[in-house]
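Just so it is clear, the model here is predicted, and its values are computed rather than measured. Both backbone and side-chain heavy atoms feed into the values below; hydrogens, waters and symmetry mates do not. One-based numbering, in listed order, for ligands and for the atoms of each.
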Amino acid sequence: MTGGPEDAAGRVLRSVGGVYTVEIHGRSVECALRGRLKQEKGIGRVAVGDVVKLEKQEDGSYVVTGLEERSSRLSRRTAHGRREQIIAANVDRLAAVTSVAGPEPLFSLLDRLLVLAESNGITAFLVVNKIDLSSEAEARERFRMYESAGYEVLFTSVKASLEIDSLRDHLAGHITLLVGPSGVGKSSLLNAVQPGLGLRVGEISVALQRGKHTTVSASLHPLDAGGYVVDTPGLGQLRFWEVGKSLLAGCFPEFEAYLDGCRFDDCSHVHEPGCGVISAVSDGEISRERYDSYVRMASEDM
Ligand code: GDP
Ligand code: ZN
């Protein structure tokens with residue numbers, strides 16, 4: 001019974017306890033995995049964001065029978081093991097959200113989120129919300145280091161309706177992980193982009209966290225403009241996502257132009273003499289705050 005007219009492909013929106021919610025022709029259906037796929041562990045496993053093949057059963061339900069190739073994956077290593085755990089597949093954007101005030105920006109968290117994106121090969125941008133609480137010039141100055149590093153920074157206000165259209169344009173057609181500490185306005189931004197969206201994201205996070213035995217996992221929310229927003233409960237307080245020490249400098253794009261200036265090939269850019277990165281920091285070419293974040297991450301136990 002394969003390849004029938006009732007077979008289809010769809011995108012996995014979420015999975016809870018072995019039940020996969022798959023979007024197919026604009027509606028959601030709940031499916032189980034066919035035997036062989038159930039055995040998969042780690043990155044072989046069907047993940048939120050995957051495009052899967054579905055087979056319609058005689059009783060009208062669908063089962064997932066196959067997995068299409070992924071264009072990217074967002075993953076982490078499990079706390080003490082080496083196994084890679086996939087969080088979401090096919091994520092191609094990361095929006096790191098902060099506010100200018102109430103709460104104050106956590107620059108070290110933003111830097112971690114950007115490293116997470118870089119290490120997974122995902123394009124990142126910043127959303128600086130609550131711009132109504134600060135002068136725009138001052139806010140631009142505080143976040144200039146990210147623009148210098150090559151990141152796009154959107155300055156938004158839900159309250160004053162600033163740059164909401166621009167955010168919507170950035171999300172359209174992409175699968176975007178929207179992440180940042182609580183209270184910065186993520187749900188408000190999503191509701192402004194698409195009425196009801198932020199509410200839905202919040203509801204699912206709460207529901208998943210309440211279930212004692214369910215693993216809190218990512219979920220995808222379809223956008224009217226095309227694409228999806230990915231919600232990952234608990235990622236805001238993210239612990240370190242392992243990046244091999246030798247790869248960490250590559251996750252700071254503004255270092256790249258100076259790496260040729262390092263005397264040692266295996267320079268860690270922390271204490272070596274003749275380091276191109278350290279001298280660029282001294283010369284004011286690389287932001288001191290961003291460099292300090294790098295040193296902090298490089299000195300963590302990984
Ligand atoms: P989340 O935890 O990141 O989802 O944040 P929420 O969307 O729940 O917003 C937290 C608080 O910030 C709420 O009281 C919002 O009304 C408020 N807020 C959201 N966006 C803005 C904004 O642009 N300006 C101001 N002044 N407050 C905002
Ligand atoms: Zn160096």
Visitor: Looking only at non-hydrogen atoms, find the nearest pair between V193 and L167 and report the distance.
Guide: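 Reported closest heavy-atom pair: CG2-CD2, 3.8 Å.
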Visitor: Protein residues near ligand 1, heavy-atom distance below 4.0 Å?
Guide: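 Within 4.0 Å of ligand 1, the protein residues are N129, K130, D132, L133, S157, V158, K159, P181, S182, G183, V184, G185, K186, S187, S188.
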Visitor: Is a salt bridge present between R11 and D50, judged by a nitrogen-to-oxygen distance below 4.0 Å?
Guide: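 Salt bridge: no.
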Visitor: Which residue, V230, L177, D92, forms the side-chain contact (heavy atoms from CB on, under 4.5 Å) with L74?
Guide: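 Checked V230, L177, D92 against L74; only one passes side-chain contact (heavy atoms from CB on, under 4.5 Å): L177.
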Visitor: Check step by step if salt bridge (Lys or Arg N to Asp or Glu O under 4.0 Å) holds for E289 and R142.
Guide: CA-CA 11 Å; E289 288 91 332; R142 286 181 86 189; over 6 Å; no
Visitor: Given Y20, which of V48, V46, L54, V29 fulfils the side-chain contact (heavy atoms from CB on, under 4.5 Å) condition?
Guide: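 Checked V48, V46, L54, V29 against Y20; only one passes side-chain contact (heavy atoms from CB on, under 4.5 Å): V46.
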Visitor: On the 0 to 90° scale, with breaks at 30° and 60°, tag the F143-F155 ring pair as parallel, tilted or perpendicular.
Guide: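 It falls in the perpendicular class, over 60°.
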Visitor: Would you find a donor on one side and an acceptor on the other, under 3.5 Å apart, between the side chain of N90 and the backbone of S71?
Guide: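 Yes; judged by distance alone, with no hydrogens or angles, the pair exists.
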Visitor: For the Zn ion (ligand 2), which protein N/O/S atoms fall under 2.8 Å? Skip waters.
Guide: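 Protein N/O/S atoms under 2.8 Å of the Zn ion (ligand 2): C262 SG, C267 SG, H269 ND1, C275 SG.
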Visitor: Below 30° counts as parallel, above 60° as perpendicular, anything between as tilted: where do the rings of Y294 and F252 land?
Guide: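 Ring orientation of Y294 relative to F252: perpendicular.
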Visitor: Could you walk me through whether I278 and Y258 pass side chain to side chain contact (heavy atoms under 4.5 Å, CB included), step by step?
Guide: CA-CA 9 Å; I278 294 175; Y258 304 98; over 6 Å; no
